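Throughout, protein chains are lettered first and strands after them, A, B, ... in sequence-line order, and every chain is numbered starting at 1. Because the structure is predicted, anything quoted here is derived from the model rather than measured.
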Number of protein chains: 2
Amino acid sequence: MTDRPGGQPTATLDDVDRRILAELRADGRLSIRALAERVAISRANAYSRVERLTRDRVITGFRAVVDPAASGLSTSAYVTLTVRQNSWRALRAELETIPEVAHMALLGGEFDAILLVRAADNAALRTVVLERLQAIPGVLGTRTFLIFEDAENP
Amino acid sequence: MTDRPGGQPTATLDDVDRRILAELRADGRLSIRALAERVAISRANAYSRVERLTRDRVITGFRAVVDPAASGLSTSAYVTLTVRQNSWRALRAELETIPEVAHMALLGGEFDAILLVRAADNAALRTVVLERLQAIPGVLGTRTFLIFEDAENP
DNA sequence: TTTGAAAAATAATGACC
DNA sequence: GGTCATTATTTTTCAAA
């Protein structure tokens, strides 16, 4: 059995665990009662499994999903980065200070990294790209792809 | 005041609303009590505001965040699509049937669309790209960018 | 909007099978 | 793992200011 960076052993999830995760991804506010009923296990079992999954960092959090447009973020874009070094840690730390960066990924291939950026409007997007991203040491270039429409799967 | 597709009027969010959204994005399981305390409003006020934000679809759901790697999805990639027509609705409907597609976006620029794909392993990713995505009518080509590491912001 | 009160549901724990 | 019982919290609604 291998270990993950967090130190917890890589749990082997059984079918019940997977069903619990599916239910909680669909509705993170399910009560333990309702969860246990849907997965057809006891409340105590549901309780201990959710606790274990949370402790082992399989479940990393519970979040409200907010509609970006409805909450004032009307412009979204994917921005690819070409960077000089392999200092992903430093780059990531830098990117985490930019609230408009919703998701970041280190890539293989033509682009070194790609960012999902959500901003209030085109001007704010422009500011993020030109004044924040291109100001980061090591960032050699950016390309911006405006998002016309997007959706999560579920 | 404009209307959004859903039919609800575009709510003008005040500062209290924004603080509520920030708290619930950080912890979607905050009790109304704790939320009211953190935002420094009454329970009744917190209750009615969360209800309104949910009714107006500013809050679109509550989800558990599951670590893809820890839950058995060890390979992630961004896959760009070049598509023939502008039938985004049909394409989107097709993509929604592929569970490995976590996020999809219709783009402007060199690529027509981009997908965040999370699969069990490289073989599963290959199957998704070659047998599911390239089998969709109208999809002319794909490019796959493997993700070495990724993170949400918060 | 706030505060207080109160009923119903749920969380959380422990004892025991 | 499951079941039962118990206590603490929270939700949810209502009334009053």
message: With no hydrogens and no angle check, just 3.5 Å: does a side-chain donor-acceptor pair link A/Arg143 and A/Thr80?
response: no
- prompt: With a 4.5 Å heavy-atom cut-off, do B/Met104 and A/Asn153 have their side chains touching?
  reply: yes
Cut-off 3.5 Å, no hydrogens considered: what does the side-chain donor-acceptor table look like for residues 28-40 of chain B, sequence neighbours left out?
residue	atom	partner	partner atom	Å
B/Ser31	OG	B/Ala34	N	3.0
B/Arg38	NH1	B/Glu23	OE1	3.2

task: Compare side-chain N and O positions of B/Arg43 against OP1 and OP2 of D/dT10 and report whether any pair is under 4.0 Å apart.
output: no
query: Relative to the ring of B/Phe145, is the ring of A/Phe111 parallel (under 30°), tilted (30 to 60°) or perpendicular (over 60°)?
result: tilted
query: Does a salt bridge link A/Glu94 with A/Arg89, judged by any charged N lying under 4.0 Å from a carboxylate O?
result: no
- prompt: With under 30° as parallel and over 60° as perpendicular, where do the rings of A/Tyr78 and B/Tyr78 fit, or are they tilted in between?
  reply: perpendicular
query: Tell me, which of residues 17-35 of chain B have any heavy atom that sits under 4.0 Å from an atom in DNA chain D?
result: B/Ser31, B/Ile32, B/Arg33
- prompt: Taking it one step at a time, do A/Phe62 and B/Phe62 satisfy ring pair (Phe, Tyr, Trp, His ring centres under 6.0 Å)?
  reply: CA-CA 7 Å; A/Phe62 291 86; B/Phe62 292 86; over 10 Å; no
Measure all distances between protein nitrogen or oxygen atoms and nitrogen or oxygen atoms of nucleotides 13-17 of chain C, and list the pairs falling under 3.5 Å.
residue	atom	partner	partner atom	Å
C/dT13	OP2	A/Tyr47	OH	2.8

- line: Looking only at C/dT1, D/dG2, C/dT2, the nucleotide nearest the A/Asn45 side chain is D/dG2
query: Are B/Arg92 and A/Glu149 ion-paired here, with the side-chain N under 4.0 Å from a carboxylate O?
result: yes
